[in-house]
Chemist: 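The structure under discussion is supplied below as structure tokens; questions concerning it will follow.
In what follows, chains are A, B, ... by sequence order, proteins preceding strands, each numbered from 1.
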Protein chains: 2
Amino acid sequence: MSNKPTIHDIAKALNIDSSTVSRALNNSPRVTLKTKTKILEKAQELGYKRNVLASNLRKNVTNTLGVIVPRISRYFFSSAIQGIEETAYLAGYNVIICQSLEQLEREQSIVNGLVEKRVDGMLISISMETLNYQHLDIVKNNGIPLVFFDRHCNVEGNSNVLIDDFKGGFDATEHLIFQGNKDIVHFSGPNELEIYKNRLAGYKAALKKHNLPFKKDNIIVTRLMEEDGFKSMQSILNKNDKVDAVFSANDMAAIGAIKCIKECQLKIPEDIAIVGFSNEPISTVIEPALSTIDQSGMQIGKTAAKLILSYIENKQIPETGETIVLKANLIERNSSKRN
Amino acid sequence: MSNKPTIHDIAKALNIDSSTVSRALNNSPRVTLKTKTKILEKAQELGYKRNVLASNLRKNVTNTLGVIVPRISRYFFSSAIQGIEETAYLAGYNVIICQSLEQLEREQSIVNGLVEKRVDGMLISISMETLNYQHLDIVKNNGIPLVFFDRHCNVEGNSNVLIDDFKGGFDATEHLIFQGNKDIVHFSGPNELEIYKNRLAGYKAALKKHNLPFKKDNIIVTRLMEEDGFKSMQSILNKNDKVDAVFSANDMAAIGAIKCIKECQLKIPEDIAIVGFSNEPISTVIEPALSTIDQSGMQIGKTAAKLILSYIENKQIPETGETIVLKANLIERNSSKRN
DNA sequence: CTGTTAGCGCGTTCAG
DNA sequence: CTGAACGCGCTAACAG
């Protein structure tokens with residue numbers, strides 16, 4: 001069983017040429033139904049398996065999508081990957097998953113590897129360390145379509161699938177304001193990432209709209225870790241500076257903040273109100289008083305996959321790039337008004 | 001830029017043979033350092049990228065691992081995938097992720113696809129519908145090493161990486177008994193899956209050890225969905241039949257149960273004690289009073305990947321198969337004794 | 001140390 | 001409708 005049969009074996013067994021076999025196997029209309037069935041039977045009999053490697057080499061395709069995310073196990077990304085995989089599967093594509101672990105160097109080597117593997121398309125959510133996009137030039141230079149998702153790229157000529165971060169930040173902040181909060185701290189993320197810039201901008205805009213002062217000290221930059229949220233919340237509570245509420249732009253910091261609050265035996269939202277960007281299992285399990293800005297990873301994944309598949313099918317990437325913005329919805333976990 | 005340069009192009013430009021170029025590019029010791037650097041420079045200049053497809057076809061390898069899980073976004077699996085990816089990356093392997101969505105039919109077609117893609121090894125966590133393993137024969141018949149992880153296979157000759165479910169079930173139940181609970185309900189999972197059988201067996205053994213009666217009605221089979229846990233808990237609370245505690249063999253049902261309890265304004269563990277199999281972000285965020293049997297997906301993933309890589313390197317799969325059992329640890333979230 | 005030759009297995013000409 | 005021949009790009013074997 002170790003010597004795998006090839007189209008030549010089945011051709012020889014039938015006294016025909018391998019090219020006919022090839023045609024039959026590809027269901028070409030230029031082969032008699034009779035010989036076609038004969039060939040298929042023989043193939044079955046010999047346990048023939050098409051060598052996709054050879055086929056791909058010849059056709060110069062791989063039916064494979066490369067996906068790069070910072071970290072697979074973060075729920076947002078795993079659900080995005082789920083969406084990508086499901087969409088890709090339906091189109092007959094496989095998905096190679098790689099994680100940058102937020103490291104630029106690793107991201108670079110992964111990109112090179114995927115280009116070498118000749119993936120048909122690439123989906124990327126860049127690392128926190130990624131400040132420019134030079135290492136991605138190689139992708140386009142090799143004619144491989146590229147779509148950024150979630151952590152997007154504001155350089156002209158690229159395609160993005162993202163959620164409306166500005167509106168999300170705005171809605172979150174306004175929600176807190178409507179609840180009667182005035183002094184609202186914002187847990188931000190790395191400034192280099194567009195998404196955090198935009199959420200911050202939304203926060204500012206909401207304050208402005210409601211004539212609340214913007215205090216620079218109310219912005220706390222986190223590195224997307226639980227402990228950041230925990231420590232930040234700790235120092236807020238220690239100061240007791242009349243902070244009413246927190247809007248966290250990332251779920252990890254929000255979780256840390258909740259934990260800190262619980263450890264202090266405080267109750268949410270009676271003592272402090274929080275709104276955080278988050279995703280399902282976290283937001284469903286997390287202290288229900290936390291309202292969340294839900295960013296559906298599944299939907300982003302599916303949309304991004306569809307986009308890149310369309311580029312692949314059409315064999316062309318739009319020069320200008322295109323950006324698809326999905327809506328993030330505020331999910332109010334506890335409607336009891338405060339104050 | 002669309003016509004990609006090959007080793008022949010760079011050979012021609014340098015008036016040498018392509019095989020020398022190939023050797024240089026593979027850093028063979030049988031090429032002068034001088035010509036080697038000359039070649040590398042030229043390669044850089046032309047923007048040469050090795051065609052891995054061709055290379056793989058020739059070498060008959062893909063440096064790719066196929067991974068099949070029921071659902072990527074479930075935290076246990078995404079963390080297992082993370083472990084697999086990290087280990088694979090270090091060894092120079094890529095990982096193709098596929099999800100069965102708990103459907104046997106889909107699992108079958110995925111398996112065939114991965115065999116056709118000539119993955120070098122395959123890791124699988126079977127679907128709930130998978131009652132026998134015939135569709136996996138093709139994997140071995142094609143000489144592809146196969147490792148089951150988490151949802152394992154008790155058929156002789158296969159390799160498994162799993163956690164000690166019996167001990168986990170035993171520990172969870174005993175923990176509840178030590179807390180003073182006598183009437184303990186068990187949320188089980190599909191009986192077809194070995195892991196749930198074993199957890200159930202552990203539950204029974206703990207009862208027996210402590211001379212508590214086993215009541216058949218205390219076993220509730222769930223389908224790994226939140227709503228199962230929710231509804232089951234609901235009926236338990238309605239009956240008010242003096243149930244003291246719940247041991248959930250799956251995290252989804254545990255989450256559902258917690259939600260139900262919260263909705264009823266009950267407090268954990270004052271009103272009811274729960275121990276559930278679970279994983280990190282869920283267990284850290286979930287009501288902290290829930291003790292959990294922690295099954296490290298990362299560790300299972302890493303172990304499984306190492307195992308299959310060793311099979312690939314050694315080019316042989318042990319006839320008898322081997323099973324690696326990892327420990328699941330009870331994490332006590334709240335040590336306040338009840339009763 | 002380098003060149004020559006011969007495929008890996010398949011798909012696509014171009015004849016007939 | 002089918003056969004013959006070639007090539008995708010690379011590597012392995014054998015010469016020299």
Chemist: Does the pair B/Glu85/A/Arg106 count as a salt bridge with the N-to-O cut at 4.0 Å?
Modeler: yes
Chemist: Please work out if A/Ile16 contacts a base, only the sugar-phosphate, or nothing of the nucleic acid, heavy-atom cut-off 4.0 Å.
Modeler: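 The answer is sugar-phosphate, as A/Ile16 gets under 4.0 Å only of primed atoms, P, OP1 or OP2.
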Chemist: Distance check: side-chain N/O of A/Arg50 vs OP1/OP2 of C/dG11, anything under 4.0 Å?
Modeler: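 The answer is yes; a side-chain N or O of A/Arg50 sits under 4.0 Å from OP1 or OP2.
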Chemist: Taking NE2 from B/His8 and C1' from D/dC8, how many angstroms apart are they, rounded to a whole number?
Modeler: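 Spelled out: NE2 on B/His8 to C1' on D/dC8 is 10 Å.
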Chemist: How would you label the contact of B/Leu25 with the nucleic acid (heavy atoms, under 4.0 Å): base, sugar-phosphate, or nothing?
Modeler: nothing
Chemist: Could you tell me how far apart B/Ile7 (CD1) and C/dT5 (P) are, to the nearest whole angstrom?
Modeler: 16 Å
Chemist: Calculate the interatomic distance between A/Ile39 atom CD1 and D/dC1 atom P; express it in whole Å.
Modeler: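 In whole Å, D/dC1 P lies 13 Å from A/Ile39 CD1.
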Chemist: Between C/dG7, D/dT2, C/dC10, which nucleotide gets closest to the side-chain atoms of A/Val31?
Modeler: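 The listed nucleotide nearest to A/Val31's side chain is D/dT2.
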Chemist: Measuring to OP1 and OP2 of C/dC1, would you say a side-chain N or O of B/Thr32 lies under 4.0 angstrom away?
Modeler: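 For B/Thr32, the contact criterion (side-chain N or O under 4.0 Å from OP1 or OP2 of C/dC1) is not met.
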Chemist: Figure out the CG/P separation between A/Leu53 and C/dC10, and round it to whole Å.
Modeler: 10 Å
Chemist: Go through the N and O atoms of the side chain of B/Arg23 and the base of C/dG3, and report whether any donor-acceptor pair is under 3.5 Å.
Modeler: yes
Chemist: Which heavy atom of B/Arg50 sits nearest a heavy atom of A/Arg118, and at what distance?
Modeler: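 Looks like O-NH1, 3.5 Å.
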Chemist: If I take atom CD from residue B/Glu102 and atom OG from residue B/Ser127, how far apart are they, to the nearest 0.5 angstrom?
Modeler: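 Reported value, rounded in 0.5 Å steps: 6.0 Å.
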Chemist: Looking at B/Leu65 and B/Ile312, what are the two nearest heavy atoms and their distance?
Modeler: CD1-CD1, 3.7 Å
Chemist: Return the value, rounded to whole Å, for the distance between atom CG of A/Asn56 and atom C1' of D/dG9.
Modeler: 14 Å
Chemist: Check B/Glu156 against B/Thr320 and note the closest heavy-atom contact, atom names and distance.
Modeler: OE2-O, 4.1 Å
Chemist: Is A/Thr35 touching bases, backbone alone, or none of the nucleic acid, heavy atoms closer than 4.0 Å?
Modeler: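 Contact class for A/Thr35: sugar-phosphate only.
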Chemist: Using heavy atoms to find the nearest nucleotide of DNA chain D for B/Ser19 and B/Leu57 separately, return the residue whose nucleotide is more 5′.
Modeler: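 Residue closer to the 5' terminus by nearest nucleotide: B/Leu57.
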Chemist: When we call it a touch if two heavy atoms are under 4.0 Å apart, what does B/Asp17 touch: a base, just sugar-phosphate, or nothing?
Modeler: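 B/Asp17: base contact, heavy atoms under 4.0 Å.
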Chemist: Classify A/Ser22 by what it touches in the nucleic acid, base, sugar-phosphate, or nothing, heavy-atom distance under 4.0 Å.
Modeler: base
Chemist: So what does B/Asn26 touch, heavy atoms closer than 4.0 Å: a base, only the sugar-phosphate, or nothing?
Modeler: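 Result for B/Asn26 = sugar-phosphate.
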Chemist: Figure out the CD1/P separation between A/Ile10 and C/dC10, and round it to whole Å.
Modeler: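 Spelled out: CD1 on A/Ile10 to P on C/dC10 is 10 Å.
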Chemist: Scan B/Ser55 against the nucleic acid and name what it touches under 4.0 Å (heavy atoms): base, sugar-phosphate only, or nothing.
Modeler: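 Here B/Ser55 touches the backbone only, sparing every base.
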Chemist: Let me know, please, whether B/Pro29 or B/Lys59 comes out on the 5' side of the other along DNA chain C by nearest nucleotide.
Modeler: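 Its nearest nucleotide being more 5', the pick is B/Pro29.
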Chemist: Starting at CZ of B/Arg58 and ending at C1' of C/dC10, how long is that distance when rounded to a whole Å?
Modeler: 15 Å
Chemist: For the residue pair B/Gly321 and B/Ser159, what are the closest heavy atoms and their distance?
Modeler: CA-OG, 3.6 Å
Chemist: Tell me: CZ of B/Arg30 to C1' of C/dT4, nearest whole Å?
Modeler: 13 Å
